[in-house]
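To keep things clear, I will list the structure first and then write my remarks on it.
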Protein chains: 2
Amino acid sequence: MAKGKTPAVSTSLKEFLRTGHRHFLRSLSVDNVIFGFHENQLKVLLLHTTFGNQWGLPGGFVGIDEPLDKAAARVLRDRTGLNDLYLQQFHTFGQTERRDNKVLSKVLKDLNLNPGKDHWTLQRFVTVGYFALVEYAKVNPQPDDLSTTCTWHDLDNLPTLLMDHGDIINKALEELRIRLKYQPIGYNLLPREFPMKDLQSIYETVLGRKLDRANFNRKMVGYDILDKKKKLFTGGSHKAPYLYSFNKKKYFKALENGLGSDF
Amino acid sequence: MAKGKTPAVSTSLKEFLRTGHRHFLRSLSVDNVIFGFHENQLKVLLLHTTFGNQWGLPGGFVGIDEPLDKAAARVLRDRTGLNDLYLQQFHTFGQTERRDNKVLSKVLKDLNLNPGKDHWTLQRFVTVGYFALVEYAKVNPQPDDLSTTCTWHDLDNLPTLLMDHGDIINKALEELRIRLKYQPIGYNLLPREFPMKDLQSIYETVLGRKLDRANFNRKMVGYDILDKKKKLFTGGSHKAPYLYSFNKKKYFKALENGLGSDF
DNA sequence: ATTCTAATGAGTCAATATGACACAATAGTA
DNA sequence: TACTATTGTGTCATATTGACTCATTAGAAT
């Protein structure tokens with residue numbers, strides 16, 4: 001979907017479509033499922049395509065001399081304006097139906113480029129899926145050259161999506177669910193300091209069921225990977241909760257001893 | 001590494017190297033980490049390359065109209081002679097150093113083909129890693145067109161490997177370890193009926209530590225996914241163990257209730 | 001200032017799971 | 001018939017989990 005900003009590539013969309021096959025790996029792309037958390041809702045960042053009038057995941061191509069992970073990180077940076085985010089490869093999608101005839105052939109026509117079936121963007125693409133966990137408030141969503149808007153969408157109220165992007169999101173969520181069970185990565189969705197209730201909300205949303213407040217607290221504190229801070233003044237008319245922050249040192253020590261495993 | 005046997009592709013190696021770029025996706029390959037279990041050892045199936053005098057994973061290219069998963073299954077079938085095996089995609093490797101200059105340029109020279117830097121096989125490749133769990137005794141290892149032998153190797157005594165194939169195996173093992181903790185997939189490495197001790201050995205090998213016999217037994221039986229069969233006559237001078245077999249119906253029912261999860 | 005409300009931190013307790021170990025049973029061998 | 005190695009099963013102390021209680025407290029209402 002995205003126009004890559006790899007060094008030495010023209011910034012013009014037309015030029016990109018004409019000569020991209022010389023600067024990017026053929027038939028390979030990356031797509032990012034960027035998760036955010038806001039108002040007790042898990043959200044995904046989506047782009048609205050200029051030409052096809054459809055929503056799709058932020059994605060891009062892989063530079064001919066660019067590591068795969070860097071390509072995904074580049075797309076993530078370009079769409080969020082942020083660096084060094086939690087980004088995790090989770091699955092590669094290689095069905096033969098994965099090709100975008102509608103949107104891109106319309107683009108090509110509009111730009112007076114050869115819309116023939118053999119254009120490199122109209123070929124079948126294998127895409128490597130990454131999911132990212134980002135702090136909602138910090139993100140400044142940026143559309144790419146093929147889209148008009150870039151906005152958050154509630155995960156349980158998604159619009160119709162391009163190609164298999166719905167499947168990709170589902171798989172990302174599934175993978176997130178699994179990972180959350182043996183790595184406490186949820187904090188990546190929160191500010192540096194957060195009340196325990198917010199972390200619990202994330203777990204409840206991702207796992208899809210309510211958790212007991214007291215037991216959740218006990219368990220998280222039990223992992224010994226959080227620092228307890230001073231109080232928070234919430235503005236709510238009730239007892240103010242503690243704030244916690246994630247402690248990386250403690251985390252890696254805890255990982256060695258095996259966090260949350262059977263056997 | 002492998003020559004694909006996709007329909008309508010010439011069976012000659014030379015022809016394949018000359019025209020492969022028209023039948024396969026460019027710069028994309030699949031590699032299989034095929035695990036077997038024999039004499040209490042976890043084994044991996046490796047190929048010895050004819051030209052480079054090195055060992056590598058069984059792999060292949062993806063047909064232009066072939067689903068990714070099918071390509072991996074095809075490679076697995078071609079090397080083992082078996083169908084319908086446990087095969088799981090686990091990671092895609094996309095470092096820029098992933099190109100095979102040594103082996104393939106030698107092959108090209110020997111076949112009097114243009115050994116220029118721009119030959120399609122000498123480009124950088126992104127490879128999708130799959131791991132398979134197979135029943136050791138049933139496998140009939142088959143080398144491919146670029147290798148002389150295909151044999152099992154002890155996982156803890158591997159030879160020097162091609163490119164990043166060592167990393168790929170390590171990652172596969174790591175992924176297998178994680179999966180084993182929340183899905184009882186170990187039985188795929190065993191015959192249809194097996195004594196509990198063999199299953200325990202697999203867990204011990206994969207997890208890398210001894211497990212208590214009685215507790216392991218209790219836990220596995222507790223999952224309620226195994227059928228207890230008649231006795232086995234081992235030939236050993238001791239009490240004969242029961243045989244168990246995996247029950248898929250029970251398994252899927254157990255999965256719904258969440259097998260071995262925190263929270 | 002005092003009372004009220006909603007949400008928090010901490011604690012209890014029964015049920016269940018885990019880890020370490022014990023012991024009788026038994027297939028083949030001596 | 002006794003011996004040996006290994007198996008099926010049981011026990012028990014300890015740790016973890018799930019469901020619940022209760023005193024505490026920040027801000028709003030009075």
Side-chain angles (χ1 to χ4, degrees), chain A residues 39-40 180-184 190-191 193-205 207-245 254-255 257-263, chain B residues 39-40 180-184 190-191 193-205 207-245 254-255 257-263:
Chain A
E39 289 173 346
N40 272 7
L180 200 60
K181 282 188 182 178
Y182 71 95
Q183 285 182 10
L190 295 173
E193 301 193 336
F194 53 87
M196 193 63 90
K197 190 175 206 302
D198 287 6
L199 192 58
Q200 184 183 340
S201 284
I202 288 175
Y203 274 76
E204 289 181 337
T205 308
L207 300 180
R209 63 195 161 87
K210 290 285 166 198
L211 300 171
D212 181 271
R213 182 176 60 88
N215 295 337
F216 181 82
N217 219 292
R218 176 176 51 181
K219 182 146 200 159
M220 276 298 152
V221 171
Y223 283 155
D224 193 31
I225 53 170
L226 297 177
D227 288 334
K228 188 187 260 188
K229 303 275 167 163
K230 60 195 176 296
K231 296 259 183 176
L232 157 87
F233 73 109
T234 64
S237 58
H238 51 73
K239 187 174 178 180
Y242 285 106
L243 286 178
Y244 291 87
S245 71
L255 259 195
N257 305 336
L259 232 166
S261 68
D262 272 12
F263 295 100
Chain B
E39 289 174 345
N40 272 6
L180 199 60
K181 283 188 183 179
Y182 71 96
Q183 284 182 9
L190 295 172
E193 302 193 334
F194 52 86
M196 193 62 90
K197 189 176 208 301
D198 287 6
L199 192 59
Q200 185 182 339
S201 285
I202 288 174
Y203 275 76
E204 289 181 338
T205 308
L207 300 179
R209 64 196 161 87
K210 289 285 165 198
L211 299 171
D212 181 89
R213 183 176 58 89
N215 295 337
F216 181 82
N217 219 294
R218 175 177 50 183
K219 182 145 201 163
M220 276 298 151
V221 171
Y223 284 154
D224 192 31
I225 54 170
L226 298 177
D227 288 334
K228 188 187 256 186
K229 304 275 167 161
K230 60 193 177 294
K231 296 263 184 173
L232 157 86
F233 72 109
T234 64
S237 55
H238 52 74
K239 187 173 178 180
Y242 284 105
L243 285 178
Y244 290 87
S245 71
L255 259 195
N257 304 337
L259 231 165
S261 68
D262 273 11
F263 295 101

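In the text below, chain A, chain B and the rest are named by the order of the sequence lines, each starting its count at 1.
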Can you give the dot-bracket line for DNA chain D, using ( ) for pairs inside the strand, [ ] for pairs that cross earlier ones, | for pairs with another strand and . for unpaired bases, where Watson-Crick and G-U count if both distances are under 3.5 Å?
||||||||||||||||||||||||||||||
Could you state the atom-to-atom distance from [atom1] of [X] to [atom2] of [N] in whole Å?
X	N	atom1	atom2	result
B:N217	D:dT6	CG	P	16 Å
A:F194	C:dT8	CZ	P	15 Å
B:Y244	D:dT7	OH	P	11 Å
B:M220	C:dT18	CE	P	11 Å
A:M196	C:dT8	CE	P	11 Å
B:R209	C:dT18	CZ	P	12 Å
A:L243	D:dA26	CG	P	14 Å
B:L207	C:dG19	CG	P	12 Å

Looking at B:V221, B:L199, B:L232, which one forms a side chain to side chain contact (heavy atoms under 4.5 Å, CB included) with B:Y244?
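Testing each of B:V221, B:L199, B:L232 against B:Y244, the sole residue satisfying side chain to side chain contact (heavy atoms under 4.5 Å, CB included) is B:V221.
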Once side chain to side chain contact (heavy atoms under 4.5 Å, CB included) is applied, do any residues pair with B:D227, and if so which ones, sequence neighbours excluded?
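So B:D227 forms a side chain to side chain contact (heavy atoms under 4.5 Å, CB included) with B:K229, B:S245, B:N247, B:K250.
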Sequence-distant partners of A:S237, side chain to side chain contact (heavy atoms under 4.5 Å, CB included), two or more places apart
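Side chain to side chain contact (heavy atoms under 4.5 Å, CB included) check on A:S237 returns nothing, list empty.
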Kindly determine whether A:K219 and A:Y203 satisfy side chain to side chain contact (heavy atoms under 4.5 Å, CB included), including the steps that lead there.
CA-CA 12 Å; A:K219 182 146 200 159; A:Y203 274 76; over 6 Å; no
Give, for atom [atom1] of [X] and atom [atom2] of [Y], the distance between the pair rounded to the nearest 0.5 Å.
X	Y	atom1	atom2	result
B:K197	B:R213	NZ	CZ	9.0 Å
B:L190	B:L243	CG	CG	11.0 Å
A:R209	A:L211	CZ	CG	6.0 Å
A:N40	A:I202	CG	CD1	9.0 Å

Taking the side chain as every heavy atom from C-beta outward, state whether A:Q200 and A:M196 have any atom pair closer than 4.5 Å.
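A:Q200 vs A:M196: side chains apart.
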Taking the six-membered ring of B:Y242 as reference, does the NZ or CZ atom of B:K230 fall below 6.0 Å from its centre and within a 45° cone about the axis?
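Here B:K230 fails the 6.0 Å and 45° test against B:Y242.
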Check: protein-nucleotides 10-16 of chain D nitrogen or oxygen pairs below 3.5 Å:
none

Report yes if at least one side-chain N or O of A:K228 is closer than 4.0 Å to OP1 or OP2 of C:dA10; otherwise report no.
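Checking A:K228 against C:dA10: at least one side-chain N or O falls below 4.0 Å of OP1 or OP2.
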Applying salt bridge (charged side-chain N to carboxylate O under 4.0 Å, His left out), can you list everything that pairs with B:K228, at least two apart in sequence or on another chain?
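With sequence neighbours excluded, B:K228 shows a salt bridge (charged side-chain N to carboxylate O under 4.0 Å, His left out) to no residue whatsoever.
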I need a per-nucleotide contact map over nucleotides 23-30 of chain C, read 5' to 3'. Cutoff is protein heavy atoms under 4.0 Å; write B for the base, S for backbone only, - otherwise.
--BBBBS-
